[in-house]
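On a predicted model such as this, the values are computed, not experimentally measured, just so you know. Residue numbering restarts at 1 for every chain, and letters A, B, ... go by the order of the sequence lines.
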There are 2 protein chains.
Amino acid sequence: MSEQPIEARMQRFKDVCREKAVKLTHQRWEIYREVAQTAEHPDAERIFQGVRERMPTVSLDTVYRTLWWLKDMGLITVLGPTRERTRFDANLSHHHHFVCSLCGLTRDFSSEVLDHLELPDTIQSIGQVQQTQVEVKGVCFDCAAS
Amino acid sequence: MSEQPIEARMQRFKDVCREKAVKLTHQRWEIYREVAQTAEHPDAERIFQGVRERMPTVSLDTVYRTLWWLKDMGLITVLGPTRERTRFDANLSHHHHFVCSLCGLTRDFSSEVLDHLELPDTIQSIGQVQQTQVEVKGVCFDCAAS
DNA sequence: TTAGGTGCAAATTCTTTGCACCCTG
DNA sequence: CAGGGTGCAAAGAATTTGCACCTAA
């Protein structure tokens with residue numbers, strides 16, 4: 001699946017609502033549209049401001065509730081903090097992370113190869129690279145066992 | 001630089017304080033020790049609990065202040081949320097991120113090669129891999145220009 | 001001695017929740 | 001019409017800040 005124009009996304013949204021037999025409210029429609037129309041990974045506040053222009057009565061808590069709902073529906077993904085806190089690490093060597101998607105365990109690992117990945121040329125048009133880090137998502141053995 | 005035993009880290013801490021002529025307080029010593037002695041990436045609360053056992057009068061806000069100070073000193077690194085909010089993305093395709101270390105801009109990019117990286121065998125001992133994502137840290141052109 | 005660090009308590013910021021009313025299917 | 005969604009206001013959780021006292025160098 002690749003990047004889609006907004007119309008295709010809106011259509012897919014409609015389809016998913018029908019398929020799963022969930023309510024398609026005005027608010028959900030406008031909130032999804034706000035996320036679907038940008039590549040900027042907006043936060044809840046920015047989405048709220050955007051939706052508000054077309055729907056002045058919308059409330060911030062509905063935006064939050066709807067965003068988590070959209071995530072549960074598999075229509076959007078979430079970046080950055082998700083109920084997790086800032087954490088600290090005294091390991092200063094260049095390393096990568098394995099993150100358990102169930103319990104959140106984060107374990108360091110190192111790899112010469114991953115330290116020097118070749119990046120696609122598209123990167124050249126975004127900015128100057130300083131460092132690359134690989135994040136592996138998976139299930140740790142403790143969680144797999146239980 | 002590779003992983004170090006705690007004594008080496010404590011020594012380095014002392015050296016850095018002397019070099020930079022900053023005060024080495026009891027609290028800083030114990031808080032750094034708490035981070036240096038584990039590979040678990042503890043959060044502020046957990047560090048606070050640990051330090052508290054040896055120093056019952058320490059306060060949580062000192063823990064926070066000291067952790068940020070340790071980061072400024074280059075003695076620790078920080079994972080997860082750093083004054084940033086949860087963000088949302090309607091792009092469901094497998095993609096990677098370029099993150100500007102100055103302004104926080106996050107841009108998606110895709111790469112067949114990065115989608116299927118070979119991971120080191122050490123991973124086998126941590127858990128079952130689901131997906132890998134590359135995070136490129138750098139400076140975006142807008143920030144580089146100003 | 002003194003610049004800067006610390007503890008306390010209160011403030012901020014982001015996000016979530018309880019409840020009565022409203023709307024979609 | 002019924003069950004779930006919404007707006008409001010208030011609660012919560014994590015982190016930060018102002019201020020008077022204390023301490024390392």
field: Rounded interatomic separation in angstrom, taking CE from A:M55 and P from D:dG5
entry: 15 Å
query: If only atom types and distance count, is the side chain of B:T106 paired as donor or acceptor with the main-chain N or O of B:G104 below 3.5 Å?
result: yes
message: Distance check needed: C:dC22 P versus A:Q27 CD, whole Å only.
response: 14 Å
- prompt: Do A:C140 and A:C103 come close enough that some side-chain heavy atom pair is under 4.5 Å?
  reply: yes
message: Check this one for me: any side-chain N or O of A:T62 less than 4.0 Å away from OP1 or OP2 of D:dT6?
response: no
Got a list of side-chain donor-acceptor pairs under 3.5 Å for residues 116-139 of chain A, not counting sequence neighbours?
from: A:H116; atom 1: ND1; to: A:E112; atom 2: O; distance (Å): 3.1
from: A:S125; atom 1: OG; to: A:T122; atom 2: O; distance (Å): 2.6
from: A:Q130; atom 1: OE1; to: B:S101; atom 2: OG; distance (Å): 3.0
from: A:Q133; atom 1: NE2; to: A:H95; atom 2: O; distance (Å): 2.9

task: Using five base pairs at each end, measure the axis-to-axis angle across the helix from C:dT1-D:dA25 to C:dG25-D:dC1 and round it to 10 degrees.
output: 50°
task: Check the surroundings of atom CZ in A:R107: do more than 12 heavy atoms from other residues, nucleotides or ligands lie under 6.0 Å from it?
output: no
- request: Summarise how protein sits on nucleotides 12-17 of chain C as a single string, 5' to 3': B when a protein heavy atom is under 4.0 Å from the base, S for sugar-phosphate-only contact, - for no contact.
  value: --SBBB
- prompt: Rounding to a whole Å, what distance do you find between A:K14:NZ and C:dG25:P?
  reply: 11 Å
query: Looking at D:dG7, C:dG5, C:dG7, which one has an atom nearest to any side-chain atom of B:R28?
result: C:dG5
query: Are A:R12 and B:L92 side-chain neighbours, meaning at least one heavy-atom pair lies under 4.5 Å?
result: yes
query: Expressed in angstrom and rounded to an integer, what is the separation of A:K20 atom NZ from C:dG25 atom C1'?
result: 18 Å
In residues 55-66 of chain B, what donor-acceptor pairs under 3.5 Å come from side-chain atoms, sequence neighbours left out?
from: B:S59; atom 1: OG; to: B:D61; atom 2: OD1; distance (Å): 3.1
from: B:S59; atom 1: OG; to: B:T62; atom 2: OG1; distance (Å): 3.2
from: B:D61; atom 1: OD2; to: B:R65; atom 2: NH2; distance (Å): 2.4
from: B:T66; atom 1: OG1; to: B:T62; atom 2: O; distance (Å): 2.7

- prompt: Does A:D43 offer a backbone N or O that forms a donor-acceptor pair with the side chain of B:R85 under 3.5 Å?
  reply: no
query: Counting distance only, does the side-chain N/O of B:T38 pair as donor-acceptor with the main-chain N or O of B:E34 below 3.5 Å?
result: no
Close side-chain approach of A:Q49 and A:E45, heavy atoms under 4.5 Å: yes
field: Counterpart residues, salt bridge (charged side-chain N to carboxylate O under 4.0 Å, His left out), relative to A:R46 (two or more places apart)
entry: none
field: Heavy-atom side-chain proximity of A:L67 to A:K71 below 4.5 angstrom
entry: no
query: In whole angstroms, how far is the P atom of D:dT16 from the CG atom of B:L67?
result: 10 Å
field: B/S/- contact track for nucleotides 20-25 of chain D, protein heavy atom under 4.0 Å
entry: ---BBS
